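The next block holds one structure in the form of structure tokens; read it before the comments.
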Amino acid sequence: AGLGGYLLWRDVRRELDLAEIRSQFAASVSHELKTPLTSIRMFAETVRLGRVKDEAARDEYVDPIINESERLSRLLNNVLDVSKIEQGKKLYRPRPQALAPILRAAVRTMDYPLRQQGFSLDLAIGEGLPDVSVDADALEQALLNLLGNAIKYSGAAREIGLELMREGPWAVIRVTDHGVGIPPGERQRIFERFYRVPSPENRQVPGTGLGLALVAHFAREHGGRLAGESQPGRGSAFALYLPLEAEP
Ligand code: ADP
């Protein structure tokens with residue numbers, strides 16, 4: 001009876017967790033949709049009212065519309081990818097290519113939010129890295145997730161690092177921030193789908209808990225891995241290890 005009771009407890013417990021996870025997920029997605037939609041409407045209405053005189057002023061209203069739309073696309077891509085993974089669908093079409101242009105594309109996409117929030121990004125691209133077999137769009141999405149996290153969890157810090165280099169048989173892409181960091185007890189769970197560190201400060205930060213799970217999935221499916229390092233209160237670094245092609 002003891003063991004049966006234990007198993008039953010576990011199963012019931014898992015059901016409850018799942019129900020809770022689902023409703024929390026619906027709440028966080030709705031919350032994440034609300035803010036960008038509100039500001040898109042606000043900026044667009046201002047433009048329509050014709051209060052915007054010159055071109056520079058127009059950009060001031062149009063740039064956030066573009067930026068917020070891009071943020072919505074990233075959120076949707078994450079949700080769609082998770083559901084494709086759950087359905088066992090193939091997500092990636094890797095082909096050998098240079099990684100540096102993919103890093104630069106991700107930086108270009110984040111340029112506006114970085115500038116707007118006063119961040120400086122230090123991009124360091126190592127010499128002589130051979131081509132790596134990756135799905136370029138998926139890698140860019142993974143980098144946007146890591147860079148987005150570096151921004152979201154930076155606290156008062158305003159410096160972010162992005163570097164690409166070779167470590168033995170690996171191409172390594174590392175995103176570094178100097179923000180809130182991750183408590184030791186949470187370091188395993190942050191890679192789980194939907195999981196968010198339940199600290200009071202983090203509750204103020206929008207998120208769905210899908211980003212890191214997707215980046216880790218991307219890494220594994222490309223024969224690599226995602227590694228995290230963190231000092232609470234001092235920052236975090238996430239490194240994406242991708243296998244280099246066997247050299248002839
Ligand atoms: P989200 O950011 O949408 O919550 P993620 O899966 O990207 O989801 O991250 C999971 C959790 O890991 C976050 O909620 C946050 O608590 C923690 N986390 C991720 N990246 C960082 C970081 N750079 N610094 C501190 N905490 C982080």
Side-chain angles (χ1 to χ4, degrees), residues 17 20-36 68 70-86 91 106-107 109-110 113-114 117 119-122 138-163 172-221 225-240:
D17 278 352
E20 197 182 298
I21 281 172
R22 283 215 185 101
S23 78
Q24 224 174 60
F25 175 67
S28 64
V29 169
S30 319
H31 184 77
E32 269 216 78
L33 290 174
K34 215 170 178 173
T35 321
E68 293 298 298
E70 283 172 349
R71 204 150 71 88
L72 285 175
S73 300
R74 290 200 290 278
L75 171 66
L76 268 179
N77 282 335
N78 280 349
V79 174
L80 285 174
D81 281 0
V82 165
S83 87
K84 279 187 200 149
I85 290 168
E86 282 179 347
L91 268 187
V107 170
T109 303
M110 291 311 251
L114 285 166
Q117 295 171 63
F119 280 94
S120 71
L121 180 115
D122 180 26
L139 175 58
E140 187 179 341
Q141 195 188 330
L143 295 179
L144 294 175
N145 276 318
L146 293 178
L147 290 170
N149 282 351
I151 293 176
K152 287 195 297 186
Y153 304 107
S154 259
R158 280 298 172 266
E159 269 163 40
I160 288 173
L162 172 62
E163 77 182 316
V172 183
I173 303 172
R174 185 174 280 107
V175 177
T176 310
D177 68 63
H178 304 281
V180 297
I182 299 150
E186 304 283 353
R187 286 179 195 160
Q188 287 308 311
R189 300 210 64 189
I190 56 170
F191 298 106
E192 291 172 19
R193 270 176 315 157
F194 305 118
Y195 189 79
R196 311 195 68 216
V197 175
S199 69
E201 314 88 72
N202 278 7
R203 249 181 266 281
Q204 314 299 314
V205 179
T208 52
L210 294 179
L212 287 181
L214 280 170
V215 181
H217 183 266
F218 168 90
R220 281 194 304 275
E221 293 288 304
R225 69 195 148 88
L226 174 66
E229 268 174 2
S230 185
Q231 275 189 286
R234 308 201 52 184
S236 312
F238 287 89
L240 194 51

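Remember, predicted model here, so these are calculated numbers, not experimental data. Only this structure's heavy atoms are used, side chains among them; waters, hydrogens and symmetry mates stay out. Note that the numbering runs from 1 along the sequence shown for the chain. We count ligands from 1, going down the list as the structure has it; atoms in each ligand are counted the same way.
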- Query: Does R174 use its side chain to pair, donor to acceptor, with the backbone of G161 at less than 3.5 Å?
  - Reply: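 No.
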
- Under 3.5 Å, side chain of S230 to main-chain N/O of G235, donor-acceptor pair present?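 Side chain of S230 to backbone of G235: a pair is present.
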
Please report which non-hydrogen protein atom sits nearest to [atom], along with the residue it belongs to and the distance in Å to one decimal place.
| atom | answer |
| --- | --- |
| atom 27 (C) of ligand 1 | Y153 CD1, 3.6 Å |
| atom 5 (P) of ligand 1 | L212 N, 3.6 Å |
| atom 16 (O) of ligand 1 | N202 ND2, 2.9 Å |
| atom 4 (O) of ligand 1 | R196 NE, 2.5 Å |
| atom 26 (N) of ligand 1 | I182 CG1, 3.3 Å |
| atom 12 (O) of ligand 1 | I190 CG2, 3.3 Å |
| atom 7 (O) of ligand 1 | N149 ND2, 2.8 Å |

Separation between [atom1] of [X] and [atom2] of [Y], rounded to the nearest 0.5 Å:
| X | Y | atom1 | atom2 | answer |
| --- | --- | --- | --- | --- |
| L226 | F238 | CG | CZ | 7.0 Å |
| N78 | N145 | CG | CG | 4.0 Å |
| K152 | D177 | NZ | CG | 12.0 Å |
| E229 | I182 | CD | CD1 | 10.5 Å |
| R203 | S28 | CZ | OG | 12.5 Å |
| L76 | E32 | CG | CD | 10.5 Å |

- Go through the steps to decide whether L75 and R71 satisfy the test side chain to side chain contact (heavy atoms under 4.5 Å, CB included), and finish with yes or no. CA-CA 6 Å; L75 171 66; R71 204 150 71 88; over 6 Å; no

- Which atoms of ligand 1 are found less than 4.0 Å from any heavy atom of L210?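 Ligand 1 atoms under the 4.0 Å threshold to L210: 6 (O), 8 (O).
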
So which bit of [X] gets within less than 4.0 Å of ligand 1, heavy atoms only: side chain, backbone, both or neither?
| X | answer |
| --- | --- |
| Y195 | backbone |
| N145 | neither |
| V197 | both |
| K152 | side chain |

Would you check the N or O atoms of [X], main chain and side chain alike, for any that come under 3.5 Å of an N or O of ligand 1?
| X | result |
| --- | --- |
| G209 | yes |
| D177 | yes |
| G211 | yes |

- Task: Give a yes/no verdict on whether any heavy atom in F238 is under 4.0 Å from an atom of ligand 1.
- Result: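 Checking ligand 1 against F238, which is what was asked, there is a heavy-atom contact under 4.0 Å.
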
- Any G179 heavy atom less than 4.0 Å from ligand 1: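 Contact check G179 vs ligand 1: negative.
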
- Query: Should T208 and V79 count as side-chain neighbours, where that means a heavy-atom distance under 4.5 Å?
  - Reply: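 No, side chains not in contact.
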
- Task: Please examine the side chains of N202 and Y153, heavy atoms only from C-beta on, and report whether any two atoms are closer than 4.5 Å.
- Result: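 Of all side-chain heavy-atom pairs linking N202 with Y153, at least one is under 4.5 Å.
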
